[in-house]
Amino acid sequence: MASGKRLSRDFFIRDVLEVAPDLIGKNMHIRLADKAIGSFQITDVEAYRGMEDKACHASKGRTPRTEVMFRQGGRLYVYLVYGMYWMLNVVTAEENHPQAVLIRGVENLSGPGRLTKSLGIDRTFNGEDLDVSERIWFEETGVNPAFNTGPRIGIDYSGDYWKTRPWRFYV
DNA sequence: TCAGTGATTAGG
DNA sequence: CTAATCACTGAG
């Protein structure tokens with residue numbers, strides 16, 4: 001597939017368990033504080049899948065915070081955790097299928113909280129449309145790095161079944 | 001191992 | 001209104 005092409009809505013309107021591993025090796029482009037566009041290859045993601053997934057915020061139903069996850073895929077879901085860290089997620093699937101991919105890391109930036117802090121991602125990115133945004137989007141690269149799978153991080157509260165789903169994908 | 005930090009949510 | 005919870009990080 002050609003590189004340098006923006007991933008359009010159709011890429012994200014698929015099941016999160018297809019989209020999440022597919023994002024490994026793709027480039028995230030973002031307008032930085034100095035106005036330059038940075039390009040970062042994605043290395044670490046997690047899938048959160050619907051209302052039945054007890055680790056997914058949408059499992060508690062539709063709330064103001066989770067509203068964007070219920071929309072059609074291709075937008076960002078950004079929220080604050082522990083009063084300090086913004087988490088960057090990409091909404092996937094069709095409308096009313098609340099799913100999202102947490103971007104845990106990109107090349108040279110490990111950890112979801114450190115990533116957003118470094119790149120200047122905050123609440124203003126919540127709901128951003130990845131089809132048309134001029135400050136953040138994803139691009140095809142043509143590379144498909146080998147990756148590992150494992151349980152998701154920081155969701156011990158979700159019970160034995162959900163906390164052991166191997167829905168983390170990382171290089 | 002554990003405190004920091006404040007938005008979000010359920011409940012009274 | 002109160003209080004619990006939290007998809008994390010860095011210090012010790």
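Residue numbers begin at 1 in each chain, while the letters A, B, ... track the order of the sequences.
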Review point. Quick check: does any side chain N or O of Arg75(A) sit under 3.5 Å from a backbone N or O of Gly127(A), one acting as donor and the other as acceptor?
Key: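 Answer holds: yes.
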
Using a heavy-atom cut-off of under 4.0 Å over every strand shown, decide if [X] touches base, sugar-phosphate, or nothing.
{"X": "Arg65(A)", "value": "sugar-phosphate"}
{"X": "Gly113(A)", "value": "sugar-phosphate"}
{"X": "Met84(A)", "value": "base"}
{"X": "Ile155(A)", "value": "sugar-phosphate"}

**Study point:** 5'-most by nearest nucleotide on DNA chain C - Lys117(A) or Tyr157(A)
**Key:**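 Counting from the 5' end, the first nearest nucleotide belongs to Tyr157(A).
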
Exercise for review: Let me know, please, whether Leu115(A) or Leu80(A) comes out on the 5' side of the other along DNA chain C by nearest nucleotide.
Suggested key: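 Going by which nucleotide is closer to the 5' end, it is Leu80(A).
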
Point to revise | Any-strand Watson-Crick or G-U partner of dA7(C), both distances under 3.5 Å | key: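 Across all strands, not a single nucleotide pairs with dA7(C).
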
Point to revise | Complementary nucleotide of dT5(B), counting Watson-Crick and G-U pairs under 3.5 Å | key: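 Across all strands, not a single nucleotide pairs with dT5(B).
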
Whole angstrom is fine here: how far is it from [atom1] in [X] over to [atom2] in [N]?
{"X": "Tyr85(A)", "N": "dA7(C)", "atom1": "OH", "atom2": "C1'", "value": "14 Å"}
{"X": "Tyr79(A)", "N": "dC8(C)", "atom1": "OH", "atom2": "P", "value": "7 Å"}
{"X": "Tyr82(A)", "N": "dC2(B)", "atom1": "OH", "atom2": "C1'", "value": "12 Å"}
{"X": "Asp156(A)", "N": "dA7(C)", "atom1": "CG", "atom2": "P", "value": "11 Å"}
{"X": "Leu109(A)", "N": "dT9(C)", "atom1": "CG", "atom2": "P", "value": "11 Å"}
{"X": "His57(A)", "N": "dA7(B)", "atom1": "NE2", "atom2": "P", "value": "16 Å"}
{"X": "Leu88(A)", "N": "dC8(C)", "atom1": "CG", "atom2": "P", "value": "13 Å"}
{"X": "Met69(A)", "N": "dT9(B)", "atom1": "CE", "atom2": "P", "value": "10 Å"}

Review point. How long is the span from the CD1 atom in Ile121(A) to the CZ atom in Arg123(A), to the nearest 0.5 Å?
Key: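 Result: 15.0 Å between the selected atoms.
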
Practice item. Output the distance between atom OG (Ser8(A)) and atom CH2 (Trp137(A)), rounded to the nearest 0.5 Å. Key: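 It is 15.0 Å, given to the nearest 0.5 Å.
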
Review point. With a distance cut-off below 6.0 Å to the six-membered ring centre and an angular limit of 45° from the axis, does Arg6(A) pair with Phe138(A) as a cation-pi contact?
Key: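 Negative - Arg6(A) is either too far from the ring of Phe138(A) or too far off its axis.
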
Choosing from [options], which nucleotide comes nearest the side chain of [X]?
{"X": "Arg114(A)", "options": "dA7(C), dT9(B), dG10(C)", "answer": "dG10(C)"}
{"X": "Thr63(A)", "options": "dT9(B), dC8(C), dA7(C)", "answer": "dT9(B)"}
{"X": "Ile153(A)", "options": "dC8(C), dA7(C), dA7(B)", "answer": "dC8(C)"}

Review point. Between Arg168(A) and dA7(C), does any side-chain N or O lie under 4.0 Å from OP1 or OP2?
Key: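 No.
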
Exercise for review: Please answer whether dA7(C) and Tyr48(A) are stacked, defined here as ring centres separated by less than 5.5 Å and planes angled under 30°.
Suggested key: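 Stacking is present between dA7(C) and Tyr48(A), given that their ring centres fall under 5.5 Å apart and the planes under 30°.
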
Exercise for review: Give the cluster check for Leu76(A) versus Val81(A): same hydrophobic cluster or not, with ILVMFWY residues linked at side-chain heavy-atom distances below 4.5 Å.
Suggested key: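 In one cluster with Leu76(A): Val81(A), no.
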
Check your understanding: Which one of Lys163(A), Arg165(A), Arg152(A), Lys60(A) satisfies the salt bridge (Lys or Arg N to Asp or Glu O under 4.0 Å) criterion with Asp53(A)?
Key ->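 Of Lys163(A), Arg165(A), Arg152(A), Lys60(A), salt bridge (Lys or Arg N to Asp or Glu O under 4.0 Å) with Asp53(A) is met by Arg152(A) alone.
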
